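Some notes on the structure that comes next.
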Amino acid sequence: MDQFVLQGQNKRLCSDDVKRRSPRKKKVKVEKHESVKEEDKESSFEEFSHPIPWQKIEAGGLDCDYALLFLKEEADELFRQLEEEVVYSTGEEAKVQVFGKVYNIPRKQATYGNPGLTYTYSGVRRQAWPWTPTLEYIRNAVTDATGQKFNFVLINRYKDGQDHMGEHRDDEKELDPSCPIASVSLGAARDFVFRHRDARGKRSSRQIDPVKLELAHGSLLLMNPPTNTFWYHSLPVRRKVLSPRINLTFRRILVDTRKTIKEEL
DNA sequence: GGCGCAGCAAACGA
DNA sequence: TTCGTTTGCTGCGC
């Protein structure tokens with residue numbers, strides 16, 4: 001499998017199908033998003049600069065952008081603050097029912113966002129807590145970097161390499177299908193695997209290699225449409241990882257089918 | 001021992 | 001009525 005080293009903190013990014021985008025300045029990235037006005041672009045570069053350029057990750061139907069969003073010192077501080085601020089689900093909310101069996105979710109979860117928003121996961125509807133200062137800071141940094149606005153964040157905390165997340169797609173109906181999902185990683189670096197929906201299981205119809213990458217401390221992974229239509233993703237068990245990781249996935253949730261949250265932002 | 005992957009479980013909606 | 005989808009665990013092979 002091909003492997004290539006990224007600049008900065010990240011160690012590796014590997015896939016047979018990944019094309020590497022030549023390094024560009026952030027301007028190229030921002031221009032991609034029409035919501036950022038022309039005259040605002042240069043000023044936003046001054047406010048927020050990236051330790052490394054964006055990397056494009058592409059395969060059939062998969063479209064992601066990867067960058068280091070925070071330098072190590074800042075990422076360390078954000079991790080520390082989140083450890084103090086974030087309140088994770090406990091009790092029944094920390095369980096999931098799969099095929100009639102109830103399991104403890106192999107990680108901790110929390111949901112924050114704009115007032116009144118809810119998120120449905122495995123049939124369980126969760127209320128969003130109000131934004132904390134640190135979460136708002138990170139959300140603003142993601143918005144500055146991407147030109148996208150988000151009204152909700154799902155937080156997953158993996159205490160070590162035993163904690164994990166099974167293969168799934170983020171294709172809930174309440175998500176704005178035009179908005180990418182922005183995944184910010186803090187803490188231990190963990191492998192992240194994409195698998196095409198047609199390449200799963202013994203009777204898979206196509207031979208498509210999985211796309212694997214390592215999500216570094218302080219990194220941002222943008223999953224652009226239609227990635228979540230065709231590709232499942234997972235965070236596999238890594239027993240050698242002994243330290244915790246916090247992952248924040250920023251999303252744009254629709255209020256209902258007629259009115260989008262854009263109106264509220 | 002770590003990792004990748006297939007198979008399995010029951011219920012619901014299209 | 002049938003089919004697809006769902007998430008986590010377990011077992012097996014490498």
Side-chain angles (χ1 to χ4, degrees), chain A residues 1-3 11-18 57 59-62 88-111 118-126 152-177 181 183 185 187-216 221 223 225-249 251 253-254 256-257:
Chain A
M1 180 175 282
D2 296 332
Q3 289 196 12
K11 294 186 181 68
R12 66 185 167 89
L13 170 68
C14 49
S15 165
D16 295 339
D17 294 324
V18 171
I57 304 167
L62 184 146
Y88 293 95
S89 300
T90 55
E92 290 306 305
E93 278 204 340
K95 299 177 189 295
V96 62
Q97 189 166 353
V98 183
F99 291 114
K101 283 188 178 179
V102 177
Y103 300 97
N104 289 319
I105 298 172
R107 61 193 170 274
K108 283 184 175 179
Q109 288 190 317
T111 49
T118 58
Y119 172 71
T120 305
Y121 173 82
S122 295
V124 179
R125 177 167 284 203
R126 292 184 166 87
F152 185 88
V153 62
L154 171 66
I155 305 173
N156 282 290
R157 185 185 187 278
Y158 305 86
K159 69 179 188 301
D160 55 29
Q162 301 269 17
D163 277 3
H164 62 280
M165 172 125 62
E167 252 180 22
H168 70 287
R169 292 181 294 176
D170 293 323
D171 62 346
E172 290 83 7
K173 287 172 187 167
E174 63 242 63
L175 292 179
D176 183 338
I181 292 173
S183 172
S185 297
R190 289 288 294 266
D191 288 342
F192 191 75
V193 182
F194 286 101
R195 270 215 295 174
H196 196 282
R197 68 178 185 187
D198 295 341
R200 303 169 72 235
K202 199 176 184 179
R203 284 168 288 184
S204 58
S205 58
R206 300 165 69 186
Q207 167 62 38
I208 305 171
D209 289 332
V211 174
K212 303 178 182 180
L213 51 150
E214 187 181 66
L215 301 180
L221 178 71
M223 290 181 272
T227 303
N228 264 305
T229 303
F230 300 108
W231 292 79
Y232 286 70
H233 56 266
S234 64
L235 193 90
V237 169
R238 289 293 178 264
R239 297 182 202 285
K240 292 174 184 172
V241 175
L242 304 176
S243 52
R245 167 181 184 258
I246 296 175
N247 176 246
L248 305 97
T249 49
R251 301 141 191 266
I253 289 183
L254 303 173
D256 59 40
T257 54

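The shown structure was predicted, so the numbers you read here are calculated from the model rather than taken from an experiment. Per chain, numbering begins at 1; letters A, B, ... match sequence-line order.
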For [X], side chain to side chain contact (heavy atoms under 4.5 Å, CB included) partners two or more places apart:
| X | answer |
| --- | --- |
| A:Arg239 | A:Gln162, A:Val237 |
| A:Phe152 | A:Thr111, A:Leu117, A:Tyr119, A:Ala128, A:Leu154, A:Arg251, A:Ile253 |
| A:Pro225 | A:Pro180 |

Length of the line joining [X]:[atom1] and [N]:[atom2], which is rounded to integer Å:
| X | N | atom1 | atom2 | value |
| --- | --- | --- | --- | --- |
| A:Gln162 | C:dG8 | CD | C1' | 14 Å |
| A:Asp209 | B:dC5 | CG | P | 9 Å |
| A:Phe194 | B:dC5 | CZ | P | 15 Å |
| A:Glu167 | B:dC5 | CD | P | 8 Å |
| A:Leu154 | C:dT7 | CG | P | 12 Å |
| A:Met165 | B:dG4 | CE | C1' | 19 Å |

If you only use heavy atoms from C-beta on, which nucleotide in C:dG8, C:dT6, B:dC5 is closest to the side chain of A:Ile105?
C:dG8
A:Arg107 has a side chain; which of B:dG4, C:dG8, B:dC5 sits nearest to it?
C:dG8
Test ring pair (Phe, Tyr, Trp, His ring centres under 6.0 Å) applied to A:His164 - qualifying residues, sequence neighbours left out
none
Is there a side-chain contact between A:Thr90 and A:Lys108, using heavy atoms and a 4.5 Å cut-off?
no
For C:dT5, take OP1 and OP2 only and decide whether either is under 4.0 Å from a side-chain N or O of A:Arg197.
no
Phosphate OP1/OP2 of C:dT6 contacted by A:Tyr232 side-chain N/O (<4.0 Å):
yes
Hey, can you tell me if A:Phe230 and A:His196 have their rings parallel, tilted or perpendicular (30° and 60° cut-offs)?
parallel
Can you pull every protein N or O that's under 3.5 Å from an N or O on nucleotides 1-3 of chain B?
unit_1 : atom_1 : unit_2   : atom_2 : d
B:dC3  : OP2    : A:Arg239 : N      : 3.1

Sort me out a list of protein N/O and nucleotides 9-12 of chain C N/O pairs below 3.5 Å, or just none if empty.
unit_1 : atom_1 : unit_2   : atom_2 : d
C:dC9  : OP2    : A:His164 : NE2    : 3.4

Which residues share a salt bridge (charged side-chain N to carboxylate O under 4.0 Å, His left out) with [X], sequence neighbours left out:
| X | answer |
| --- | --- |
| A:Lys159 | A:Asp163 |
| A:Arg190 | none |
| A:Arg157 | A:Glu83 |

